[in-house]
Amino acid sequence: MRYDHKIDVLSVYGYFWQRVWQDPEFISALAEGLDTLQQQSEITYQEFKEYMSRLTVPVFHHQRWKRLTFSKEDLKLRSYDFSDGLQIDKSVLIGSSVPPIQYVLPWVSTLQTSFITDSLDLETDIILNAEQDYTIKDNTIIFYNDPFTLFPLTTGVNDNGDPVTTIECWAYCSEDDIGGVTDFFGTYVGINTRAADIFERLTNIVWDLYVSGATINNINTFLLVLTDCDEVTQEGTVKDIFTEAGREWVLTENGLYSAPEGTGVIVSVNAVIYKGQNIWDTFKVYDGYSTIPDTVVPSFRVEAGYLGGGYISGLTFANKEVPLDFAFISTNPDYEVLTTDTGEWLIHTDNGDDIVLTGPDSYYSSALQEQGVVMVPIFEIGGFQEDIDKLHQAMANNIWATKTDVYAALTAGQAPPFTINPFLYIQENALKNNIIFININADDLVDTKAVVAAIRYLVNTVPAGTTFMLSLNSGTLEEEFDTQTQIEETVTWYIVAELEDEYDYTNIEETLNVNKKVG
Amino acid sequence: MSTYENIDSEAVVENEYLMAQILESGSDVDASLGTVVRELAVRPNAALAAYNDQRLEDFRNEMTLSRALQNPDTTDEAADALSSNFRLVRLAGTPATGVLALYTDQTSNVYIGKGTTFSVGGVTLTVTRVYIGYIADTPAADTEDVVYRRMVESANDQYVFTIPVQSIEATSETLSPGMSATMTPADSKVSSVLVASAITGGSAEETNEELLARAATGITAKVPSGKQHIAALIARDIPDVVVYSSGVFGMGDAEVLRDRHNISAISMGGRVDVYARTSPLVSQLEIQKTAVLGTDGRWSVQIGATDAPGFYGIDSIQSVLTGDINQTGTDIQYTFGMDTSDPLIPDIPLPVYARFSSYQTALVTFDYNQADAVAGDTKDFLVTLVYMPSIDIIQSYMNQRDTANLAQDTLVKAPIACDVSVQAVVSYPPGVNTTDIEVLQQAVAQTINGLSIGQRYLTADEICLAINGVDETLRVDFPVILESSTFLNDGTTAERRSISGHLDMYTDEDTGITERNTCFFCDAVNVSITLKERVTES
């Protein structure tokens, strides 16, 4: 406890003051007063000891009693209507309820307190409770009743020397943001923000990312912090799952874990959960060997940075089975590829011979391949046709080696259709284990922009030879992201889209590294 | 630091009210203002408690790196002690290096003794060896202490030879070519001394502010893993190398061309390209090369990987014997290759991917008129290369077995260089002209050279800020003309010009050139400032 540093000052006063002095109440009260001051110093001292470690650094400076004075000349009244939240100074419509009046006074924005009293005696009748009797919002405190009728009036002097009516009251167990987390640890990793428990957790995990890298556990912890979900700290059996006070809760015999209300719990009662396990459905981490369902990634788009030079734009690969066909093309001007009336391939060679091909049969010889006649795969890819052709051609060299069953079937004279999952093919043959794919359910996030902005810490700490992909799933999200300031340039966005959408020059909006369909 | 006299009066009052109320509520005593109890018992204790709290606060601030480094009362000793917890050691600074040109009207040898100093723009330079300028054809061989430099004919019956110099003190100053130097002790044989190639690449002792900015680097693991880690690894830990800024690129980044050179033509990962700016200004290096005349009538020289690792291009080629200069951009052509002799070389499938790296080589061809020369003849030339120093040292460091990752290779490159020139008209208040144009030129160049890798564009704002940093009364008239020349992979340059006050970087993702791996450079001699008197004060 912060406030239990009781020091018995009276005990050190000695025999005379304790036994001989005839006004023990005065001595006792004096001792209590000194004790109260000393207690505060002790609280501060204990806090400062905790600054020595980023694991214990206090988020707030605690003050047992803080004197508050308000001047009546600072008092502002305001009202709000019921239609759409707070509407400062909005006139009341005829027929609507008479709105409550709010009493607004200036406040130190870094200070929070749960109780305001009229005296240091907690038995007093006047104890105001936060959110019930008042709300602190940035640099104002909003009372729901006139504080100048609650607390004794006194007369003070304003900055001009004029007398003003004031009230004096006391904040009990106040918390002041004096920049502990930021000054001691946050600022070094670029976290400079107002104090909140979540930022202490964020600061710590970013330090971990910097110091020990993007380990599996560090990535998991980072995402849990970003999504304000608790991390499982001990193995245990789930005893209960419930919703309370705006949070989802999972109770085990040795732990209690929570997440914002609405977050799905992916474990059930009696399940055994282990340390570090993600028990929430807010996010999921995949690597290149993971099976990424089409419900998470119906398709994804790779930008030009992923492709060799000469591409007009990026390409989109569907995460579903699509028909796989083939075609012959020639990169040699002396070898012309034609088609016959019956749909067969006719290779017109440099010496005037014509070779008819139906597939990779014996006529599709290595000699023919050496002359630049290439058997390219044909399957659905989203993008500009020139880019699609270019990639199909680039893939010709290895696709038949990996699709041996298809090649064997073609050689045996079987006709298409065959199928291929374009996304899976790229995943298995190019991306492999070099990707970290994170899917976040954006609807569960309290502050989507802050989460996206903080993702840069992962981008900069995952191995540079890998790639980082982020997908925000949302049914309702409508956010605008400024790629200049909110997203590190290095974040590569994969736009989840239905491949059936048609893209052309007229409905693609190209920004720095984001292409999206706009019409 | 807090003393009893300067404690926070508000804290004293708050304590006083707190104690007075406890006294009054717990006893019958009157502790209101002016009473004996208030004055003798309450206030002194309230003040003492406030003092103690303030001392605690002082202690907290003294123990906080971020606050201590911003507090002028913090001693260097205390700052260094705190910094050590972040694995930070204050950088002592490094000297700047460059080349001076010495002019003489003598045809006999000119001797420059070891320790001779040259004063330029407030910076004192020196030589660490004895240099002997000569005209005779066959000098004695160089030794460890004595170096011979051939003098070539210059204008006005003068001869010139160059010597490498370094600043005596650590400095972050950049001295531009053409600046005049004063030699001590003076030598009657030396008629003038000018800066031949920029004196640059040094750094001053690290300030508290700089130390604080480096805290994240200090705590970051120095391993070739994440982009943050690699940047921290090369930032300060490599002996004798200062990395001013860097860009790290990996899988899926357009800058890593070699990552997409495979059968699927899609980025495969496992390869990282690091672009490191090791000097505020690109450096020049003059090397002597023997050229061969080809059957096509063009001369050719081979630039090796170690000559000027990762060099951008050639500034000039000069005949050793006659001093004739062949300026770049006219007929110099490059065929870039790469040196694969390093057993630890990263995966570089094509020479173009080795461009600006320490594995880069080049066959350079150029025209030089010599009537009696026939194919196969050889001739010595002084080739002046433009390059970024220490790229090879960083590459070598990254290749070490106790640095490199097994499954990820790292190729270190000089950042794409975007050479900037500026033209501006600057007005001064009526009747007041104390402006030194050279100071303004240096200020503008320093501002541009201070920009890190990754700037998307340069604006006239930076020029205005630089000029007003020298003299707030000066005004920059628009338009400010900004021009840039970017070194490209094929040895040519891309030119851009802007009169709108906004100059975008040249970018071409297909060749791996983006604003993220490019940085602006500016030589002060390329800052043209015209001064004029204003009609009005403002």
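In this text, all values refer to a predicted model and were calculated from it rather than measured experimentally. Lettering follows sequence order; numbering is per chain, from 1.
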- Item | Any pair counted as ring-ring contact (aromatic ring centres under 6.0 Å, His included), so long as it reaches residues 24-48 of chain A, sequence neighbours left out | F48(A)-Y51(A)

For the residue pair [X] and [Y], what are the closest heavy atoms and their distance?
X: D28(B); Y: E25(A); value: OD2-OE1, 4.3 Å
X: H229(B); Y: Y210(A); value: NE2-O, 3.1 Å
X: F86(B); Y: F184(A); value: CZ-O, 4.2 Å
X: L30(A); Y: A41(B); value: CD1-CB, 4.0 Å
X: A49(B); Y: S41(A); value: O-OG, 4.2 Å
X: E14(B); Y: W170(A); value: O-CH2, 4.4 Å

Give the member of [options] that has the highest number of heavy-atom pairs under 4.5 Å with chain A.
options: A20(B), G26(B), G250(B); value: G26(B)
options: T64(B), D259(B), T217(B); value: T64(B)
options: M63(B), M19(B), Q228(B); value: Q228(B)

Say you draw a straight line from [atom1] of [X] to [atom2] of [Y]; how long is it, rounded to the nearest 0.5 Å?
X: Y188(A); Y: T220(B); atom1: OH; atom2: OG1; result: 14.0 Å
X: L56(B); Y: K49(A); atom1: CG; atom2: NZ; result: 11.5 Å
X: K227(B); Y: N460(A); atom1: NZ; atom2: CG; result: 7.0 Å
X: E32(A); Y: S27(B); atom1: CD; atom2: OG; result: 10.0 Å

So what's closer than 4.5 Å to chain A heavy atoms on [X]: side chain, backbone, both or neither?
X: L18(B); value: both
X: E57(B); value: both
X: V223(B); value: neither

Taking the side chain as C-beta and beyond, is there a heavy-atom pair between [X] and [Y] under 4.5 Å?
X: F468(A); Y: M251(B); value: no
X: Y311(A); Y: D510(B); value: no
X: N52(B); Y: L37(A); value: no

[X] portion near chain B, given a 4.5 angstrom heavy-atom threshold:
X: T466(A); answer: backbone
X: L458(A); answer: neither
X: T69(A); answer: neither

Look at [options] and state which one has the largest set of heavy-atom pairs under 4.5 Å with chain B.
options: G213(A), G180(A), A464(A), A214(A); answer: A464(A)
options: S119(A), P463(A), G190(A); answer: P463(A)
options: M52(A), H61(A), R67(A), E168(A); answer: R67(A)
options: I435(A), V211(A), T36(A); answer: V211(A)

- Item | Trace of the side-chain contact (heavy atoms from CB on, under 4.5 Å) decision for I266(B) with L391(A) | CA-CA 9 Å; I266(B) 290 181; L391(A) 187 72; 4.2 Å; yes

- Worked verdict on R60(B) versus D183(A) for side-chain contact (heavy atoms from CB on, under 4.5 Å): CA-CA 10 Å; R60(B) 173 181 175 277; D183(A) 288 347; 4.1 Å; yes

- Start with the C-alpha distance between D35(A) and I22(B), add both sets of side-chain angles, then the distance that settles side-chain contact (heavy atoms from CB on, under 4.5 Å), and finish with yes or no. CA-CA 10 Å; D35(A) 188 23; I22(B) 291 173; over 6 Å; no

- Task: Please list, chain by chain and in numerical order, all residues satisfying side chain to side chain donor-acceptor pair (under 3.5 Å) with S66(B), sequence neighbours excluded.
- Result: none

